[in-house]
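Note that the coordinates shown come from a computational prediction; the quantities given were computed from them, not determined experimentally.
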Amino acid sequence: MEKIEIKGIDEIIYYTISKCGLPIYIWKNEYAKSFYLSLNVHYGSIHTEFSVDGKKYKVPQGIAHFMEHIKFNVDKDTTANDLFDPLGSDINAFTTFKYTSYLVYGTSKVKENLNALLDYVYNPYFTKDMIKKEKGIIASEINMGKDQPYNQLYFAYNGAMYHKEKYKYLITGEVEDIKKIDIDDIELIYDAFYHPKNMFLVVTGNVNPYEIEQMVNDNLDKKEFNEYLNPKIIPIKEPKYVAEKNVELFANVEVEKAKVGIKIPKKEFKGIDQVKLNIILNLILSNNFGDSSDLKEELLQNNIITFLTASRFVLDDYVVIDVMLESKILDEAIDRIIEALNHLQMNEEDLKRKINSSVATLVLNYEDVENVNNMIQNYLIYYHKLIPDLKGIYESITLEEVQTVIDAIDTKEMVVVKIKKQN
């Protein structure tokens, strides 16, 4: 078992691989009163076109989320809840664009909970009746989601930003997509992606790492796994231009909402590695649009906005920056946001303050089993590795690097999506 030191924070993450190929990451905190388990699959909603041994497959949108739902069935009469309720633990699952996660939170009986998690996820029980029943449940979920203004705004924005990227589609898929899913699709996805070598387990809490390793091996040794098919996701070539620059929707909202975003080719950032680029973009956005920014304080005090947040999304070929806001004078608020995006700024004092704040947050995150579990998940999904010297990366950032990133942020390819009050 490998011990990975989180430098500057005095924490250790244990890493090993089970006999059948499942990577395991364990964070031990002897003061923790609870534990958090996550079994994660490198399979999300955008992975609908892939190849196995050169043969190409295309499955319906929403199938990753559909799989998450039906995995809760253990057999005809048993669900995952029936396994965990007697243990007094909470279970959940979620699907994102890039991965699916099965979660367990509890305060006792780690071994029993871990065995139950492995048993129900690695249980290929699928029937036509189960799939038919689940279609109705998920169709209702999709229709309810469409009535939510934030969902409408989010996916209208993604549709305007991207031409071909699968991020433009609902994670759940549309109702028509769900109708197309059959048992052959489900079995294909399970066989191709739900293999230990395409997954990883994260355990955080007051646990013994060596006991966890043994428990996982003992459990998985009793299961049969086919040879890993090593599926290859078929890449998409996304144009550098946005699909649509202005979109206006109408909904039953009390306060109007908008997203303003820009799309920038990643090559414009002159080879800054993805980890550092993510951090620098986050520092810039926090400084210009965050809770302590002059702009947000002014807009709130003058009642120009009621809500404001900014985020960044670093893809393989593009960086997407978006600002979401709520306002009772929406067009004026949007103008102020666009002006700020065209005049982003950071000085030495701001940079030092933001870095210190981020490092302090990083240290505090290691006081919570769920936060640590989520951090490990994010590192492995978005960077394909742990980042043991994140504190050092923060502290190495210079104002010159920040200015280089600011200079590369071109607002030429901009999207503005509004949700206005329905008359």
Side-chain angles (χ1 to χ4, degrees), residues 1 4 6 11-18 20-29 32-45 47 64-65 67-72 74 79-81 83-85 87-123 171 190 193-209 211-217 219-220 223 365-387:
M1 182 174 289
I4 301 173
I6 307 302
E11 296 288 349
I12 297 290
I13 293 174
Y14 296 80
Y15 168 68
T16 187
I17 301 178
S18 76
C20 61
L22 177 68
I24 306 168
Y25 298 83
I26 305 164
W27 174 71
K28 176 184 178 180
N29 184 333
K33 303 297 184 185
S34 57
F35 62 84
Y36 201 86
L37 315 176
S38 68
L39 185 55
N40 309 279
V41 194
H42 289 282
Y43 187 72
S45 68
H47 303 137
H65 174 259
M67 174 67 84
E68 173 216 315
H69 269 240
I70 62 174
K71 281 299 312 112
F72 270 69
V74 177
T79 69
N81 290 305
L83 302 181
F84 290 94
D85 285 349
L87 300 175
S89 50
D90 295 327
I91 62 168
N92 205 345
F94 64 83
T95 304
T96 72
F97 290 119
K98 300 194 74 170
Y99 75 112
T100 307
S101 186
Y102 299 88
L103 313 170
V104 181
Y105 173 83
T107 56
S108 63
K109 301 180 180 178
V110 175
K111 179 179 179 179
E112 292 86 345
N113 279 279
L114 181 53
N115 280 323
L117 175 63
L118 296 170
D119 286 346
Y120 97 82
V121 176
Y122 288 123
N123 175 40
I171 289 174
Y190 184 85
F193 294 97
Y194 275 67
H195 189 282
K197 290 184 178 180
N198 192 56
M199 303 173 71
F200 62 94
L201 172 69
V202 184
V203 178
T204 53
N206 186 6
V207 296
N208 183 318
E211 288 182 359
I212 294 294
E213 179 184 30
Q214 187 62 52
M215 287 161 55
V216 173
N217 279 319
N219 181 289
L220 298 183
K223 296 175 169 53
N365 277 338
Y366 278 91
E367 294 186 359
D368 182 270
V369 295
E370 182 175 354
N371 285 343
V372 177
N373 206 298
N374 289 337
M375 279 194 298
I376 295 172
Q377 289 177 50
N378 287 329
Y379 293 154
L380 298 175
I381 292 298
Y382 296 104
Y383 304 132
H384 309 292
K385 60 182 180 180
L386 293 182
I387 312 297

Please check if the side chain of Asn373 supplies one atom and the backbone of Val202 the other of a donor-acceptor pair under 3.5 Å.
-> yes
Is any side-chain heavy atom of Asn113 less than 4.5 Å from a side-chain heavy atom of Phe35?
-> yes
List for me each residue that meets side chain to side chain contact (heavy atoms under 4.5 Å, CB included) alongside His69, sequence neighbours excluded, and say none if there are none.
-> His65, Glu134, Ile138, Glu141
Side-chain touch Met215/Asn219, heavy atoms, less than 4.5 angstrom | no
Is a side-chain N or O of Asn92 found less than 3.5 angstrom from the main chain of Ser101, in a donor-acceptor match?
-> no
Taking only residues two or more places apart in sequence, or in another chain, which ones meet Asn123 in a side chain to side chain donor-acceptor pair (under 3.5 Å)?
-> none
Write down the atom of Ser38, the atom of Gln377, and the distance for their closest heavy-atom approach.
-> OG-NE2, 3.4 Å
Classify the angle between the aromatic ring planes of His42 and His384 as parallel (below 30°), tilted (30 to 60°) or perpendicular (above 60°).
-> tilted
Validation row: Leu201, Leu114 side chains within 4.5 angstrom (heavy atoms) | yes
Looking only at heavy atoms, which two atoms of Ile171 and Ser45 are closest? And how far apart?
-> CG1-OG, 3.6 Å
Aromatic rings Tyr190 and Tyr194: how do their planes relate, parallel, tilted or perpendicular, breaks at 30° and 60°?
-> parallel
Tell me whether the centres of the aromatic rings in Phe94 and Tyr99 are closer together than 6.0 Å.
-> yes
Would you call Met199 and Tyr122 a side-chain contact if the rule is heavy atoms closer than 4.5 Å?
-> yes
Chi angles and distances behind the side-chain contact (heavy atoms from CB on, under 4.5 Å) call for Phe84, Leu117 = CA-CA 9 Å; Phe84 290 94; Leu117 175 63; 4.2 Å; yes
Which atom pairs, one a donor and one an acceptor, fall under 3.5 Å between side chains of residues 22-29 and the rest of the protein, sequence neighbours left out?
from  : atom 1 : to    : atom 2 : distance (Å)
Trp27 : NE1    : Glu11 : OE1    : 2.9
Asn29 : OD1    : Tyr31 : N      : 2.9

Do we see a donor-acceptor contact under 3.5 Å between the side chains of Glu68 and Thr100?
-> no
Does Lys71 use its side chain to pair, donor to acceptor, with the backbone of Tyr120 at less than 3.5 Å?
-> yes
Heavy atoms, side chains only, cut-off 4.5 Å: are Met67 and Val41 in contact?
-> no
